[in-house]
Colleague: 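Dropping a structure here in structure tokens format, bear with me for questions.
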Amino acid sequence: MPDAPSPAAQGQGRAMVSGVVKDVGGTPVGGAHVVLDGPAGMTRTAVTDEDGEYEFEGLVAGRYSVSVKAEGLADGRVVVMVPSSGDVKAPEFSLKLVTVNAEVEAVSPKELAEMQVKQEEKQRILGVIPNFYVAYDPNTVGMTQGQKLQLAGRTLIDPVTFAAAAVGAGLNQATQTPSQWGQDWAGFGQRYGAQMAGTLAGVGLSGYVFPAIFHQDPRYFYKADGTVKERTEWALKQVLEQRSDKGKWQPGWSNMLGDLAASTATVALYPHDDVHWGSTTAANFGLNLAGTAFGNIMEEFVVPKLVLHRKKAKQTTP
């Protein structure tokens, strides 16, 4: 009677190998083909999901090779040692861009910018909060005026924008700010209107109007590499500086004037005898700049790592 096939030959076990595929800018690469080669000639394949993730289950202990191929990116390969049970995280792939053919070079800057903006419109923190104004691709090109309007409009109509204004109005209601507005629904409506006015002014002016006037890019440009000090300085630099449509750094008139306009718009709706225009506007402007600085640091160090609501890559076998 022949011996039963070993677990290695069957390719069945209790261990799992998973990982993620990204490009050098930190953007997940969906649709990449991942091949797992293991003991006894075992081979399995998977395709990464929209978050760049893949996984292989039911593995036996041994040495495995994980290789990945993605269109337009250099191939990658790592080796992992898998114990008899438990999950193993493969090193993260960070694939470099390669020139595939002449067609890539023939894409116009406008078409490339459109593709990049569409990708940015899918970016959300924790899968919920819009993160549209962040450029992770190191090869990001400047937007056209129409694309700036498109991104600003997409932000303003997002449900989270309205929810954020409601949260702000609720906090002001709880602290009775301004004091002349009541604690009923009418008072909440006034506070909500003030919050939305500030949002409309901030996003509309700093996201489209001023960038169109000064020919500046309203996005935050992610650095990804360098020391903590270098990346912190990079994040803080973008509070007061912005990249022009042609890629040169300039004083950040669009952001600063947009923050000032948002501060003024909010105060303008407050009861006049409850507001000191100069000091209140200046305080709000300072808070907006501080919020921008904090947000930039979070974008550089924290936000790219926040990935929830992931869909698992489907595993296939030959």
Colleague: Find out if a path of hydrophobic residues (ILVMFWY) with successive side-chain heavy-atom gaps under 4.5 Å connects Val209 to Leu149.
Modeller: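 Yes: a chain of side-chain contacts under 4.5 Å links Val209 to Leu149.
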
Colleague: Verify, without hydrogens or angle tests, whether Arg44 (side chain) and Glu57 (backbone) share a donor-acceptor contact under 3.5 angstrom.
Modeller: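 Side chain of Arg44 to backbone of Glu57: a pair is present.
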
Colleague: Salt bridge check, Glu230 against Lys223: does any charged N sit closer than 4.0 Å to a carboxylate O?
Modeller: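 Here Lys223 does not pair with Glu230 in a salt bridge, since their nearest N and O are not under 4.0 Å apart.
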
Colleague: Would you sort out whether Val68 and Thr48 count as a side chain to side chain contact (heavy atoms under 4.5 Å, CB included), showing the intermediate values?
Modeller: CA-CA 10 Å; Val68 60; Thr48 58; 5.5 Å; no

Colleague: Taking the side chain from Thr175 and the backbone from Leu171, do they hold a donor-acceptor pair closer than 3.5 Å?
Modeller: yes

Colleague: Closest approach of Val117 and Gln147, non-hydrogen atoms and distance?
Modeller: CG2-CB, 4.4 Å

Colleague: If I take atom CD from residue Glu71 and atom NE2 from residue His33, how far apart are they, to the nearest 0.5 angstrom?
Modeller: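 Interatomic distance, Glu71 CD to His33 NE2, rounded to 0.5 Å: 9.0 Å.
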
Colleague: Is there side-chain contact between Glu233 and Lys237, with heavy atoms separated by less than 4.5 Å?
Modeller: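 They are not in side-chain contact.
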
Colleague: Could you check whether any side-chain N or O of Gln242 sits under 3.5 Å from a backbone N or O of Asp217, counting only pairs where one atom can act as donor and the other as acceptor?
Modeller: yes

Colleague: Which residue in the set His215, Lys148, Gln216 passes side-chain contact (heavy atoms from CB on, under 4.5 Å) when paired with Ser254?
Modeller: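 Option passing the side-chain contact (heavy atoms from CB on, under 4.5 Å) with Ser254: Gln216.
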
Colleague: Could you check whether any side-chain N or O of Tyr133 sits under 3.5 Å from a backbone N or O of Glu120, counting only pairs where one atom can act as donor and the other as acceptor?
Modeller: no

Colleague: When you measure from the side chain of Arg191 to the backbone of Thr177, do you find a donor-acceptor pair of N or O atoms at a distance under 3.5 Å?
Modeller: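 Looks like yes, one N/O pair under 3.5 Å.
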
Colleague: From Glu114 CD over to Glu111 CD, what is the distance, rounded to the nearest 0.5 angstrom?
Modeller: 9.5 Å

Colleague: Using atom types as modelled and distance alone, determine if a side-chain donor or acceptor of Thr232 lies under 3.5 Å from a backbone N or O of Val228.
Modeller: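 Checked: pair present.
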
Colleague: Do you know which two heavy atoms are closest between Val82 and Ala15, and how far apart they sit?
Modeller: CG1-CB, 3.4 Å

Colleague: Do you reckon Val160 sits in the same ILVMFWY cluster as Tyr192, going by side-chain contacts under 4.5 Å, direct or chained?
Modeller: no

Colleague: Out of the candidates Tyr220, Trp249, Tyr222, only one should pair with Trp234 under the ring-ring contact (aromatic ring centres under 6.0 Å, His included) rule; please name it.
Modeller: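 The passing option is Trp249.
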
Colleague: Which residue is it: Gln116, Gln150, Arg154? I am looking for the one with a side-chain hydrogen bond (donor to acceptor under 3.5 Å, both in side chains) to Glu121.
Modeller: Gln150

Colleague: So Gln195 and Asn172, do their side chains get closer than 4.5 Å, heavy atoms only?
Modeller: yes

Colleague: Let me check something: do Val80 and Met42 share a hydrophobic cluster, defined by ILVMFWY side-chain heavy atoms less than 4.5 Å apart, either directly or through other members?
Modeller: yes

Colleague: To the closest 0.5 Å, what do you measure between CG (Asn139) and CG (Leu112)?
Modeller: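 If we round to the nearest 0.5 Å, Asn139:CG and Leu112:CG are 8.0 Å apart.
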
Colleague: Do any pairs count as a salt bridge (Lys or Arg N to Asp or Glu O under 4.0 Å) and have a residue in residues 124-138, sequence neighbours left out, and if so which ones?
Modeller: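 Those involving residues 124-138 are Arg124-Asp158.
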
Colleague: Nearest heavy-atom pair of Glu55 and Ser18: which atoms, and what distance?
Modeller: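 Answer, listing the atom of Glu55 first, then Ser18: CB-CB, 3.8 Å.
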
Colleague: Under 4.5 Å between any side-chain heavy atoms of Arg219 and Met143, yes or no?
Modeller: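 Yes; the side chains approach each other to less than 4.5 Å.
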
Colleague: Would you say Gln238's side chain and Phe221's backbone share a donor-acceptor pair under 3.5 angstrom?
Modeller: yes

Colleague: Transitively linked via ILVMFWY side-chain contacts under 4.5 Å: Ile125 with Phe132?
Modeller: no

Colleague: Within the 4.5 Å heavy-atom criterion, are Leu200 and Leu156 side-chain neighbours or not?
Modeller: yes

Colleague: How far apart are the C-alpha atoms of Gln145 and Asp245, what are their side-chain angles, what is the distance that settles it, and do they pass the side chain to side chain contact (heavy atoms under 4.5 Å, CB included) test?
Modeller: CA-CA 10 Å; Gln145 311 303 6; Asp245 291 341; 4.1 Å; yes

Colleague: Please report the interatomic distance OG1(Thr161) to CD1(Ile129), rounded to the nearest 0.5 Å.
Modeller: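 Going from the OG1 atom of Thr161 to the CD1 atom of Ile129 covers 11.0 Å.
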
Colleague: Return the CG to CZ distance between Leu205 and Phe210, rounded to the nearest 0.5 Å.
Modeller: 5.0 Å

Colleague: Hey, are Glu300 and Arg231 close enough for a salt bridge, meaning a charged N less than 4.0 Å from a carboxylate O?
Modeller: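 So Glu300 pairs with Arg231 through a salt bridge.
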
Colleague: Should we count CZ of Phe294 as having more than 12 external heavy atoms under 6.0 Å?
Modeller: no

Colleague: What closest approach, in Å, do Lys22 and Pro28 show between heavy atoms, and which atom pair accounts for it?
Modeller: CG-CA, 4.0 Å

Colleague: Is it true that Val29 and Val66 fall in one hydrophobic cluster, defined by side-chain heavy atoms closer than 4.5 Å?
Modeller: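 Linked within one cluster.
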
Colleague: If we only count heavy atoms from C-beta on, is the Val20 to Asp51 side-chain gap below 4.5 Å?
Modeller: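 Contact flag for Val20/Asp51 side chains = no.
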
Colleague: Does any non-hydrogen side-chain atom of Asn255 lie less than 4.5 Å from one of Val239?
Modeller: no

Colleague: Report yes if some heavy atom in the side chain of Trp253 is under 4.5 Å from a heavy atom in the side chain of Ile213; otherwise report no.
Modeller: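 No; the side chains remain at least 4.5 Å from each other.
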
Colleague: To the nearest 0.5 Å, how far apart are CG in Asn131 and OG1 in Thr155?
Modeller: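 Nearest 0.5 Å value for the CG-OG1 distance: 10.0 Å.
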
Colleague: So Gln183 and Gln173, side chain to side chain contact (heavy atoms under 4.5 Å, CB included) or not? Walk me through it.
Modeller: CA-CA 6 Å; Gln183 293 298 100; Gln173 182 117 340; 4.0 Å; yes

Colleague: Determine whether Phe214 and Leu257 make a side-chain contact, defined as any pair of heavy atoms from C-beta on separated by less than 4.5 Å.
Modeller: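 Counting from C-beta outward, Phe214 and Leu257 do come under 4.5 Å.
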
Colleague: Could you walk me through whether Val34 and Phe56 pass side chain to side chain contact (heavy atoms under 4.5 Å, CB included), step by step?
Modeller: CA-CA 10 Å; Val34 185; Phe56 298 94; 3.9 Å; yes

Colleague: Specify the closest pair of heavy atoms between Phe93 and Gly76, including all atoms of both residues, with the distance to one decimal.
Modeller: CE2-C, 3.5 Å

Colleague: List the atom of Tyr136, the atom of Glu299, and the distance in Å for their closest heavy-atom pair.
Modeller: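 For Tyr136 versus Glu299, the nearest heavy atoms are OH-OE1, 3.5 Å.
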
